[in-house]
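What follows is one structure encoded as structure tokens, with my remarks underneath.
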Amino acid sequence: MNTKSTPQTRQFALSPDELSQWNENGYLVRLDVFTAAENDALRQVAEDIVDGKRPFPPAHIDQNALVRDKKAEKAGIYAMHKIHHPSCYCPEFLARVRDPRLTDPLVDLLGPDLLGINNLFIWKAPKIGLGFPWHQDKFYFRSRFKTETTIGTWTAIDAADRGNGCLYVIPGSHKWDIFQHDDLEGSQQNEFKLARGVRDEDGVAVEVPPGSVIWFHSHLLHKSMDNHSLRFRRSYVSHYLSAHAEWAHPASDRGRGQPVMWIRGETFPDKVHEVKRDIIPVPKSA
């Protein structure tokens with residue numbers, strides 16, 4: 001597929017200093033990438049989905065684990081954990097994952113031909129929003145794709161700080177091998193495993209204001225903490241893959257996970273090429 005859609009001039013390309021920071025640390029932060037109005041519009045779409053005002057597959061709407069397990073009493077968006085794969089079903093989210101403010105820097109890191117492989121809108125509600133343990137994204141994505149790295153982007157819808165459960169990273173851990181990840185007990189922890197032997201004291205809090213974006217390498221060790229505040233810590237996370245990557249398994253095993261979405265550039269028939277370009281209709285039964 002030759003889309004001829006990658007612009008020749010990239011307004012939001014990485015500077016030499018940013019590229020150096022990436023190579024050294026495995027993550028990069030930019031402030032004021034999106035406006036309050038832009039993030040508020042995306043938040044409203046997410047809340048309309050939860051309220052049933054927008055069609056969306058129920059299987060991709062997840063409650064907060066404490067509410068789900070009847071350990072906390074909340075309703076509406078306060079009971080929410082995340083919606084999964086919104087870019088597959090909502091044009092507003094698809095436009096966001098293709099926004100050059102997110103993807104221009106990716107061209108410097110992955111090349112001009114990009115695919116979207118996963119995205120989620122997270123609420124992390126006041127007092128009951130749960131964090132996730134130390135992990136590396138490639139531990140999970142390597143079961144689907146053969147590639148040196150995927151890259152995640154984490155957009156702050158609200159301010160993210162130590163009080164409401166910001167991200168923590170271990171700078172430079174993108175140069176390390178993939179850790180053994182062990183099972184955990186707990187309401188929400190069955191979604192993730194814990195990277196074995198990671199020391200909390202090596203972590204650095206990444207506190208950012210609304211509209212900021214964090215780009216991070218798939219080997220980078222990162223976690224988030226519980227929300228102990230009276231504020232939401234909403235975020236939008238999207239993960240990207242080079243279109244030159246290959247499938248990790250035969251065709252019969254590729255149906256697992258969300259559809260791979262075209263982002264920009266070209267796709268290649270001998271690589272990861274089962275690509276959706278447009279919004280997937282939500283089944284009427286949903």
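What you see is a predicted model, and the numbers here were worked out from it, not measured in a lab. Just so it is clear, the values below take in all heavy atoms, side chains as well, and ignore hydrogens, waters and symmetry mates.
Ion pair Arg264/Asp104 flagged as a salt bridge, since at least one NZ, NE, NH1 or NH2 atom sits closer than 4.0 Å to an Asp/Glu carboxylate oxygen. Remark: Arg144 does not engage Glu246 in a salt bridge, criterion side-chain N to carboxylate O under 4.0 Å.
Heavy atoms only, all atoms of each residue included: Leu102 and Val97 are closest at CD1-CA, 4.4 Å. Scanning all heavy atoms of the two residues, the minimum distance from Ala205 to Cys166 falls at CB-SG, 4.0 Å. Residues Ile157 and Arg43 share a closest heavy-atom pair of CG2-CB, 4.3 Å. Of all heavy-atom pairs between Thr150 and Leu241, the closest is CG2-CD1, 3.8 Å. When all heavy atoms of Asn227 and Ala125 are compared, the pair lying nearest together is ND2-O, 3.2 Å. Smallest separation of non-hydrogen atoms from Pro105 and Leu14: CB-CD2, 3.5 Å.
For Asn23, the side-chain hydrogen bond (donor to acceptor under 3.5 Å, both in side chains) test picks out no residue, with sequence neighbours left out. Under the side-chain hydrogen bond (donor to acceptor under 3.5 Å, both in side chains) criterion, Arg98 pairs with no residue at all, not counting sequence neighbours. By the side-chain hydrogen bond (donor to acceptor under 3.5 Å, both in side chains) test, Ser224 pairs with Lys124, sequence neighbours left out. Among residues two or more places apart in sequence or in another chain, the side-chain hydrogen bond (donor to acceptor under 3.5 Å, both in side chains) test is passed with Thr153 by Ser238. Arg234 meets the salt bridge (Lys or Arg N to Asp or Glu O under 4.0 Å) test with Glu47, Asp158; sequence neighbours excluded. By the ring-ring contact (aromatic ring centres under 6.0 Å, His included) test, Phe34 is found to be paired with no residue, residues two or more places apart in sequence or in another chain being considered. Remark: Asp200 engages Lys223 in a salt bridge (Lys or Arg N to Asp or Glu O under 4.0 Å) (not counting sequence neighbours). Every salt bridge (Lys or Arg N to Asp or Glu O under 4.0 Å) that Arg101 has, sequence neighbours left out, goes to Glu38, Asp99. The ring-ring contact (aromatic ring centres under 6.0 Å, His included) check on Tyr236 picks up Phe93, with sequence neighbours excluded. For Asp182, the salt bridge (Lys or Arg N to Asp or Glu O under 4.0 Å) test picks out Arg196, with sequence neighbours left out.
Hydrophobic clustering places Leu42 together with Leu94 (ILVMFWY residues linked when any side-chain heavy atoms are closer than 4.5 Å, directly or through intermediates).
Leu109 CG to Glu148 CD: the interatomic distance, rounded to the nearest 0.5 Å, is 11.0 Å. The distance from atom CZ of Arg142 to atom OG1 of Thr147, rounded to the nearest 0.5 Å, is 14.0 Å. Distance check, rounded to the nearest 0.5 Å: CD1 of Ile170 to CD of Gln136 gives 9.0 Å. Atom-to-atom distance recorded for Lys127:NZ and Ser229:OG is 7.5 Å, nearest 0.5 angstrom. To the nearest 0.5 Å, atom CG of residue Leu221 and atom OG of residue Ser173 are 4.0 Å apart. To the nearest 0.5 angstrom, Asp108 atom CG is 10.5 Å from Thr103 atom OG1.
Ser15 and Asp17 share no side-chain donor-acceptor pair at under 3.5 Å. In this model, no donor atom of one side chain and acceptor atom of the other lie less than 3.5 Å apart for Asn119 and His239.
Between Tyr240 and Ile117, every side-chain heavy-atom pair lies at or beyond the 4.5 Å cut-off. Under the 4.5 Å side-chain criterion, counting only non-hydrogen atoms from C-beta, Val107 is in contact with Arg10. Looking at Ile83 and Asp62, their side chains never come closer than 4.5 Å, going by heavy atoms from C-beta outward. Between Val29 and Val206, some side-chain heavy-atom pair lies under the 4.5 Å cut-off. Residues Asn118 and His84 meet the side-chain proximity criterion, which asks for heavy atoms closer than 4.5 Å. Between Leu167 and Ile214 the shortest side-chain heavy-atom distance falls below 4.5 Å. Using a 4.5 Å heavy-atom cutoff, the side chains of Glu274 and Val272 are not in contact. A heavy-atom distance below 4.5 Å is not found between the side chains of Trp262 and Leu114.
The aromatic rings of Tyr89 and His60 are tilted relative to each other, their planes meeting at an angle between 30° and 60°.
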*Stepwise, does the side-chain contact (heavy atoms from CB on, under 4.5 Å) test hold for Tyr140 with Ser218?*
CA-CA 9 Å; Tyr140 302 95; Ser218 65; over 6 Å; no

_Go through it in stages, so that I can follow the logic: the residues are His135 and His222, the test is side-chain hydrogen bond (donor to acceptor under 3.5 Å, both in side chains), and I'd like the CA-CA distance, side-chain angles, deciding distance and then a yes or no._
CA-CA 6 Å; His135 66 281; His222 60 288; 3.1 Å; yes

*Lys138 vs Thr149, side-chain contact (heavy atoms from CB on, under 4.5 Å): CA-CA, chis, key distance, verdict*: CA-CA 7 Å; Lys138 194 173 183 181; Thr149 187; 5.8 Å; no

*Should Ile279 and Cys88 be marked as a side-chain contact (heavy atoms from CB on, under 4.5 Å) after you check the CA-CA gap, both sets of side-chain angles, and the distance that decides it?*
CA-CA 5 Å; Ile279 294 298; Cys88 292; over 6 Å; no

_Evaluate Lys74 against Gln63 for side-chain contact (heavy atoms from CB on, under 4.5 Å), listing each step before the verdict._
CA-CA 10 Å; Lys74 295 288 181 180; Gln63 275 193 320; over 6 Å; no

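Residue pairs meeting the ring-ring contact (aromatic ring centres under 6.0 Å, His included) criterion with at least one partner in residues 144-170, sequence neighbours excluded, are Phe145-Trp247. Among residues at least two apart or in separate chains, salt bridge (charged side-chain N to carboxylate O under 4.0 Å, His left out) pairs with a member in residues 207-221 are Arg162-Glu207.
Stacking of Arg30 on the aromatic ring of Trp215 is recorded, both the 6.0 Å distance cut-off and the 45° axial limit being met.
Heavy atoms of other residues, nucleotides or ligands lying less than 6.0 angstrom from CG of Asp270 number more than 12. Within a 6.0 Å sphere centred on CD of Gln44, other residues, nucleotides and ligands contribute more than 12 heavy atoms. Within 6.0 Å of atom OH in Tyr78, 12 or fewer heavy atoms from other residues, nucleotides or ligands are found, so the atom counts as exposed in its surroundings.
Taking the six-membered ring wherever Trp is involved, the centroid distance between the rings of His217 and Tyr27 does not fall below 6.0 Å. In this structure, Trp123 has its ring center closer than 6.0 angstrom to the ring center of Phe121. If you look at His244 and Phe268, their ring centroids are closer than 6.0 Å.
At least one donor-acceptor pair closer than 3.5 Å links the side chain of Asn164 to the backbone N or O of Asp161.
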